[in-house]
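Basis for what follows: all heavy atoms, side chains included, without hydrogens, waters or symmetry-related copies. In what follows, chains are A, B, ... by sequence order, proteins preceding strands, each numbered from 1.
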There are 2 protein chains.
Amino acid sequence: MANSLDTIFPALADPTRRAILSMLLEDDMAVTDVAEPFEMSLAAISKHLMILTRAGLIAQEKRGRVKWCKLEPDAMKGASVWMQGFGQFEPINLDAFERFLETELDSAPE
Amino acid sequence: MANSLDTIFPALADPTRRAILSMLLEDDMAVTDVAEPFEMSLAAISKHLMILTRAGLIAQEKRGRVKWCKLEPDAMKGASVWMQGFGQFEPINLDAFERFLETELDSAPE
DNA sequence: GGGATCGTCAACCAAATGGTTGAATGTCTA
DNA sequence: TAGACATTCAACCATTTGGTTGACGATCCC
């Protein structure tokens with residue numbers, strides 16, 4: 001059930017959840033820190049994180065009283081492949097992305 | 001608005017709409033023929049097609065009394081690129097990544 | 001122990017979503 | 001011109017979704 005198109009696409013349909021995923025691209029985060037930039041309650045963020053977890057897009061691990069959220073990008077693979085099936089759109093994206101990463105890693109030692 | 005993540009992902013979140021897109025992969029179809037395999041009213045299918053159209057995922061062209069539906073796979077490009085950005089495990093500069101996405105989407109074929 | 005912190009639960013609410021039906025509009029054809 | 005066909009519109013309905021608040025169970029630390 002998790003990791004299927006029926007859970008992945010609805011999970012990605014909400015802009016808050018997509019923003020959370022983008023934040024987790026930088027680093028693992030605690031629930032409270034995920035919630036900080038958003039103007040909504042912690043409970044609302046907690047629900048979003050639950051949806052992302054059930055979709056397999058993130059994993060949550062509790063250490064002490066802090067629950068850490070970790071991106072699970074492989075969960076997007078199915079949806080990505082599904083979309084590629086429609087695509088005459090080309091891997092120019094990947095090439096450009098690799099160039100982007102190179103310059104990014106060169107200029108950002110942090 | 002069309003062709004943005006805020007319309008594409010919600011459009012892809014419904015299984016009926018994804019099935020319609022898969023059907024259109026084979027050939028252009030009239031609205032009635034799109035509706036035929038589904039156990040729901042024509043009006044419901046018409047709404048789904050409107051959502052897909054507003055997302056830019058299909059185009060509808062009326063010839064006579066028949067409205068033809070045609071897949072527009074390039075509309076998935078933005079979402080596809082966005083997801084591929086998560087295929088990387090390296091921590092990256094998010095601002096730069098967003099700038100990258102913008103230029104990437106600007107260069108999308110019309 | 002006791003107070004602050006982390007996160008979820010439960011009940012609730014408004015709005016959006018996905019469906020229905022029946023009437024309406026436009027177009028083809030006999 | 002009349003009738004059949006293709007599609008949408010309008011009103012309505014039930015369910016889901018995304019949010020709130022307040023109480024609660026853990027956990028950390030003084």
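The CE atom of M50(A) sits 15 Å away from the P atom of dG18(D) (whole-angstrom rounding). Rounded to whole Å, the distance from CD on Q60(A) to P on dC6(C) is 16 Å. To the nearest angstrom, C1' of dC6(C) lies 15 Å from CE of M29(A). Atom-to-atom, CZ of R17(A) to C1' of dT16(D) comes out at 12 Å; the value is rounded to the nearest Å. Atom CG of L12(A) and atom P of dG18(D) are 12 Å apart (whole Å). The distance between atom CD1 of I20(B) and atom P of dT7(D), rounded to the nearest whole Å, is 13 Å. Distance, R54(B) CZ to dG18(C) P: 12 Å, rounded to whole Å. We find that CZ of F38(A) is positioned 12 Å from P of dT20(D), with the value rounded to whole Å.
When the side-chain nitrogen and oxygen atoms of R63(A) are compared with OP1 and OP2 of dT27(D), none of them lie within a distance under 4.0 Å. Between H48(A) and dT17(D), a side-chain N or O to OP1/OP2 separation shorter than 4.0 Å is absent. One finds a side-chain N or O of K67(A) lying less than 4.0 angstrom from the OP1 or OP2 phosphate oxygen of dT8(C). Residue S41(B) places no side-chain N or O under 4.0 Å from the OP1 or OP2 atom of dG19(C). Taking only side-chain nitrogens and oxygens, S46(B) never comes nearer than 4.0 Å to OP1 or OP2 of dT7(D).
Under 3.5 Å, the side chain of K47(A) and the base of dG19(D) form at least one donor-acceptor pair of N or O atoms. You won't find any donor-acceptor pair under 3.5 Å spanning the side chain of R65(B) and the base of dT7(D), going by distance alone.
Aromatic ring orientation, F9(B) versus F9(A): tilted (interplanar angle from 30° to 60°).
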Derivation of the side chain to side chain donor-acceptor pair (under 3.5 Å) call for Q84(B) and S80(A): CA-CA 7 Å; Q84(B) 287 178 37; S80(A) 184; 4.8 Å; no
Kindly indicate, with the supporting measurements, whether the criterion side chain to side chain contact (heavy atoms under 4.5 Å, CB included) is fulfilled by M29(A) and I20(A). CA-CA 10 Å; M29(A) 298 179 78; I20(A) 290 173; over 6 Å; no
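Using a 4.0 Å heavy-atom distance criterion, A30(B) is classed as a sugar-phosphate-only contact.
Out of dG7(C), dG19(C), dT7(D), the shortest distance to the side chain of V31(A) is found at dG7(C). Here the nucleotide nearest the side chain of M40(B), chosen from dT21(D), dG19(C), dG18(D), is dG19(C).
Mapping I51(A) and K62(A) onto DNA chain D by nearest heavy atom places I51(A) at the nucleotide closer to the 5' end. DNA chain D is contacted by both P10(A) and L49(B); L49(B) maps to the nucleotide lying nearer its 5′ end (nearest heavy atom per residue).
Here the rule is side-chain contact (heavy atoms from CB on, under 4.5 Å) with I58(A), and of L21(A), D28(A), V34(A) only L21(A) fits it.
The two atoms that bring L12(A) and R18(A) nearest to each other are O-NH1, 2.9 Å, heavy atoms only.
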